Engineer: 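Got a structure here, written out as structure tokens. Questions coming.
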Amino acid sequence: GVPGMRLNPSIIPYESGYLLAVRNGWAGSEIYLGKLDADFRPVGEPWRLDLYHRTAANYGREDPRLFLHNGSVHVSFTGVVGSQKVQHTNVLYARLNTDLKMERLFAPILPNRMPGQWEKNWQYFGHENKLYAVYTIEPHVILSFQENGSPQKVYETPHSRLPLPSSD
């Protein structure tokens with residue numbers, strides 16, 4: 001019942017079934033949520049999350065990733081900035097309320113980020129009631145987030161290439 005293509009889904013266990021998030025199209029896309037039962041059948045109609053952000057996601061919202069943190073469902077996503085031409089992307093996240101609607105939207109911008117730099121695919125996780133994200137794999141950089149969503153780099157493993165094992 002929702003127009004568009006379905007791209008880049010994310011799924012997590014939720015209640016007695018699952019919660020599914022999808023991107024609904026290519027340019028200017030939105031993020032929809034839907035509930036599934038234990039056999040992955042839809043329960044009710046999907047709904048669009050209101051994730052618009054004037055400066056960090058004004059053109060589209062893409063590539064949702066659901067996660068749980070401190071008992072609440074969250075969704076991270078790529079916010080697209082631009083209009084006819086994409087200028088750059090940002091990583092945002094939202095805490096959802098018990099009705100699975102957006103409760104609070106966070107648009108973290110790293111200090112010293114270059115203007116126009118594209119950001120995508122942070123992987124959020126919780127540890128000891130604190131929110132973190134894997135920012136890059138190599139070098140391995142971990143971000144921590146304040147209550148207001150501000151990020152700070154808390155861990156970095158220096159870049160080093162290990163030799164590949166020989167085929168002998």
Side-chain angles (χ1 to χ4, degrees), residues 1-12 19-36 42 45-69 72-97 99-126 131-159 161:
V2 177
M5 304 176 286
R6 308 298 174 262
L7 302 166
N8 301 336
S10 176
I11 191 168
I12 59 171
L19 186 60
L20 176 73
V22 296
R23 168 183 171 182
N24 81 317
W26 195 247
S29 61
E30 297 289 350
I31 293 172
Y32 283 78
L33 286 183
K35 290 183 179 181
L36 304 175
E45 294 296 318
W47 64 95
R48 183 179 67 83
L49 282 177
D50 182 13
L51 299 171
Y52 175 86
H53 189 281
R54 182 177 54 82
T55 59
N58 73 324
Y59 181 60
R61 282 122 320 259
E62 305 178 344
D63 309 341
R65 297 294 174 258
L66 294 167
F67 64 97
L68 295 173
H69 177 60
S72 295
V73 175
H74 289 68
V75 61
S76 67
F77 62 98
T78 300
V80 181
V81 176
S83 57
Q84 297 300 322
K85 182 177 180 346
V86 174
Q87 295 171 359
H88 65 274
T89 61
N90 301 294
V91 176
L92 295 86
Y93 68 98
R95 182 176 54 236
L96 306 184
N97 63 21
D99 293 330
L100 298 173
K101 306 287 189 207
M102 196 273 292
E103 178 178 300
R104 184 162 178 201
L105 183 62
F106 300 90
I109 302 295
L110 281 173
N112 303 320
R113 178 178 167 184
M114 300 295 292
Q117 180 180 350
W118 287 49
E119 296 280 355
K120 293 184 93 170
N121 302 319
W122 299 2
Q123 183 59 55
Y124 286 88
F125 65 96
L131 185 61
Y132 296 90
V134 176
Y135 177 65
T136 59
I137 299 298
E138 191 172 15
H140 191 65
V141 174
I142 302 294
L143 304 176
S144 173
F145 297 87
Q146 305 300 318
E147 286 295 317
N148 67 2
S150 297
Q152 63 183 26
K153 196 184 298 185
V154 292
Y155 181 80
E156 182 172 353
T157 301
H159 177 80
R161 294 257 179 199

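Here the structure is a predicted model, which means the values were calculated and not measured. Hydrogens, waters and symmetry mates are skipped; everything else that's a heavy atom, side chains included, is used.
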Engineer: Using side-chain heavy atoms (C-beta onward) and a distance below 4.5 Å, is Val73 in contact with Leu68?
Structural biologist: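 Result yes, sub-4.5 Å side-chain heavy-atom pair found.
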Engineer: Using the side chain to side chain contact (heavy atoms under 4.5 Å, CB included) rule, take Ile11 and Leu36 through it: C-alpha gap first, then chi angles, then the decisive distance, then the call.
Structural biologist: CA-CA 9 Å; Ile11 191 168; Leu36 304 175; 3.8 Å; yes
Engineer: Taking atom CH2 as the centre, does Trp118 end up with more than 12 heavy-atom neighbours from other residues, nucleotides or ligands that are less than 6.0 angstrom away?
Structural biologist: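 Check passes, neighbour count above 12.
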Engineer: Atom NZ of Lys153 and atom CG of Asn112: how far apart are they, to the nearest 0.5 Å?
Structural biologist: 8.5 Å
Engineer: Would you say the side-chain atoms of Thr78 pair up with the backbone N or O of Val91, donor to acceptor, closer than 3.5 Å?
Structural biologist: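 No; zero donor-acceptor contacts below 3.5 Å.
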Engineer: Compare every heavy atom of Gly82 with every heavy atom of Tyr59, then report the nearest pair and how far apart it is.
Structural biologist: CB-O, 3.4 Å
Engineer: For the residue pair Glu156 and Pro139, what are the closest heavy atoms and their distance?
Structural biologist: OE2-CG, 3.7 Å
Engineer: Ser10 and Pro64: which non-hydrogen atoms are nearest, and at how many Å?
Structural biologist: CB-O, 3.3 Å
Engineer: How long is the span from the CD1 atom in Ile109 to the CG atom in Leu92, to the nearest 0.5 Å?
Structural biologist: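 CG of Leu92 is found 7.0 Å from CD1 of Ile109.
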Engineer: If we count only N and O atoms by modelled type, under 3.5 Å, do the side chains of Glu30 and Tyr52 hold a donor and an acceptor together?
Structural biologist: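 Note: Glu30 and Tyr52 side chains miss the donor-acceptor criterion.
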Engineer: Look at the side chain of Asp99 and the backbone N and O of Lys101, then say whether any donor-acceptor pair between them is shorter than 3.5 Å.
Structural biologist: no
Engineer: Could you tell me the separation between the CG atom of Leu49 and the CZ atom of Arg61, rounded to the nearest 0.5 Å?
Structural biologist: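 Reported value, rounded in 0.5 Å steps: 11.0 Å.
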Engineer: Carefully, step by step, assess Arg95 and Leu131 under the rule side chain to side chain contact (heavy atoms under 4.5 Å, CB included).
Structural biologist: CA-CA 12 Å; Arg95 182 176 54 236; Leu131 185 61; over 6 Å; no
Engineer: For Leu143 versus Pro151, what's the shortest heavy-atom pair and its separation?
Structural biologist: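 In terms of heavy atoms, the two residues are closest at CD1-CB, 4.4 Å.
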Engineer: Got a second to check how far Gln117's CD is from Leu110's CG, nearest 0.5 Å?
Structural biologist: 8.0 Å
Engineer: Does Tyr93 form a side chain to side chain contact (heavy atoms under 4.5 Å, CB included) with Phe145? I'd like the steps, not just the answer.
Structural biologist: CA-CA 11 Å; Tyr93 68 98; Phe145 297 87; 4.0 Å; yes
Engineer: Looking at CG of Asn121 and OG1 of Thr136, how far apart are the two atoms once the value is rounded to the nearest 0.5 Å?
Structural biologist: 12.0 Å
Engineer: Keeping the roles fixed (side chain from Thr89, backbone from Lys120), state whether a donor-acceptor pair exists under 3.5 Å.
Structural biologist: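 No, the answer is negative, given that no donor and acceptor are paired below the 3.5 Å cut-off.
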Engineer: Does the Trp47 side chain pair with the main chain of Leu100, one donor and one acceptor, at a distance under 3.5 Å?
Structural biologist: yes
Engineer: Under 3.5 Å, side chain of His74 to main-chain N/O of Ser72, donor-acceptor pair present?
Structural biologist: yes
Engineer: Nearest heavy-atom pair of Ala107 and Ala56: which atoms, and what distance?
Structural biologist: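 Closest approach of Ala107 to Ala56: CB-CB, 3.9 Å.
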Engineer: Decide yes or no on side chain to side chain contact (heavy atoms under 4.5 Å, CB included) for Asn8 and Glu62, but give the supporting numbers first.
Structural biologist: CA-CA 8 Å; Asn8 301 336; Glu62 305 178 344; 6.0 Å; no
Engineer: Looking at every non-hydrogen atom in both residues, tell me the closest pair between Leu51 and Ile31 and how far apart they are.
Structural biologist: CD1-CD1, 3.9 Å
Engineer: Could you tell me whether the side chain of Leu33 reaches within less than 4.5 Å of the side chain of Leu66, counting heavy atoms only?
Structural biologist: yes
Engineer: What's the separation between atom CD1 in Ile142 and atom OG1 in Thr157, rounded to the nearest 0.5 Å?
Structural biologist: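 The OG1 atom of Thr157 is 8.0 Å from CD1 of Ile142, to the nearest 0.5 Å.
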